[in-house]
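Scroll down for the structure; my scribbles are underneath it.
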Amino acid sequence: MERLQISRERFEVVRRDIADGSEPGLRFYILVAVSTLIASFGLISDSTAVVIGAMLVAPLMTPIFGMSLSLVRANYQMLGVAARAEIVGVAAAVTMAFILGSLIGDFEATPEMLSRT
């Protein structure tokens, strides 16, 4: 079986990108907020395309990559940072969606909402 090889420089670039994306900063939380708004309005307007678009904006996959990389490399400091980013990001999205739903008030559940629950 042939083993795939990459250069040390390329490995460092990829590692740095994943590590940087796994640290929750202002950009991370702005993207979580924007993707939550997009997904919420997509669910309310019964638009699958808008919900999928929100998934493209959401930055929550990078911390998952960070957790995977940290487990493979046994870097437990990065694991903690990435796990914290994922947990706080998901909690922020759920909280923001709850607040938005409370502000909008009464509305009927759309087929898109029912298919996602």
Side-chain angles (χ1 to χ4, degrees):
M1 174 183 256
E2 184 178 329
R3 189 169 176 190
L4 299 176
Q5 302 261 336
I6 63 170
S7 69
R8 187 75 184 155
E9 294 82 24
R10 177 66 181 148
F11 171 78
E12 284 302 320
V13 167
V14 171
R15 188 201 58 76
R16 193 176 332 110
D17 287 347
I18 292 174
D20 290 346
S22 297
E23 292 186 26
L26 181 61
R27 181 185 62 149
F28 179 83
Y29 293 115
I30 289 172
L31 287 174
V32 167
V34 169
S35 66
T36 302
L37 287 173
I38 293 170
S40 297
F41 289 122
L43 289 170
I44 291 168
S45 66
D46 196 28
S47 174
T48 302
V50 174
V51 173
I52 292 171
M55 292 177 196
L56 296 174
V57 174
L60 296 174
M61 186 58 93
T62 309
I64 294 172
F65 291 152
M67 287 186 281
S68 300
L69 179 64
S70 65
L71 288 171
V72 168
R73 306 288 297 171
N75 183 344
Y76 300 110
Q77 180 182 3
M78 185 174 154
L79 177 63
V81 170
R84 191 174 329 109
E86 187 70 20
I87 291 167
V88 172
V90 169
V94 170
T95 302
M96 188 171 171
F98 177 79
I99 292 169
L100 182 65
S102 298
L103 291 175
I104 291 175
D106 290 337
F107 52 87
E108 292 293 319
T110 63
E112 184 68 21
M113 287 179 195
L114 296 175
S115 70
R116 304 256 177 215
T117 57

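One is the number of the first residue; the rest follow in order along the sequence.
With sequence neighbours excluded, the residues forming a side-chain hydrogen bond (donor to acceptor under 3.5 Å, both in side chains) with Glu112 are Thr48, Arg116, listed by chain and number. For the side-chain contact (heavy atoms from CB on, under 4.5 Å) test, residues two or more places apart in sequence or in another chain that qualify with Ala109 are Met113, Leu114.
For residues 10-19, the salt bridge (Lys or Arg N to Asp or Glu O under 4.0 Å) pairs, not counting sequence neighbours, are Arg8-Glu12, Glu12-Arg15.
Rounded to the nearest 0.5 Å, atoms CZ (Phe65) and CD (Glu86) are 11.0 Å apart. Atom CG of Leu100 and atom CG of Leu43 lie 10.5 Å apart (nearest 0.5 Å). Remark: Asp46 CG to Glu108 CD distance equals 12.5 Å, nearest 0.5 Å. Atom CE of residue Met55 and atom CD1 of residue Ile38 lie 12.0 Å apart, to the nearest 0.5 angstrom. Annotation: the span from Met67 atom CE to Arg84 atom CZ amounts to 12.0 Å, rounded to 0.5 Å.
Ala85 and Pro63 get closest at one heavy-atom pair: CB-CG, 4.1 Å. Across all non-hydrogen atoms, the minimal contact from Phe28 to Gly89 is CE2-CA, 4.0 Å. Across all their heavy atoms, Ala54 and Ala39 have their closest contact at CB-N, 3.4 Å. Considering every non-hydrogen atom in both Gly42 and Val50, the closest pair reads CA-CG1, 3.5 Å.
With a 4.5 Å cut-off on side-chain heavy atoms, Leu31 and Val57 count as touching. By the 4.5 Å heavy-atom criterion applied to side chains, Pro24 and Tyr29 are counted as neighbours.
Both Leu71 and Ile18 are assigned to one and the same hydrophobic cluster, defined by single-linkage of ILVMFWY side chains at heavy-atom distances under 4.5 Å. One hydrophobic cluster, built from ILVMFWY side chains closer than 4.5 Å, cannot hold both Val34 and Leu60; they sit in different ones. Cluster annotation: Val32 and Val94 are assigned to the same hydrophobic cluster (Ile/Leu/Val/Met/Phe/Trp/Tyr, side-chain heavy-atom contacts under 4.5 Å, transitive). Met61 and Val88 sit in two unconnected hydrophobic clusters of ILVMFWY residues. Membership requires side-chain heavy atoms under 4.5 Å apart, directly or through other members. Cluster membership check: Met78 does not share its hydrophobic cluster with Phe11, using side-chain heavy-atom separations under 4.5 Å among Ile, Leu, Val, Met, Phe, Trp and Tyr.
The main-chain N or O of Ala92 is never found under 3.5 Å from a side-chain atom of Thr95 such that the two would form a donor-acceptor pair. Judged purely by atom type and a 3.5 angstrom limit, Ser40 has no side-chain atom pairing as donor or acceptor with the backbone of Ala97.
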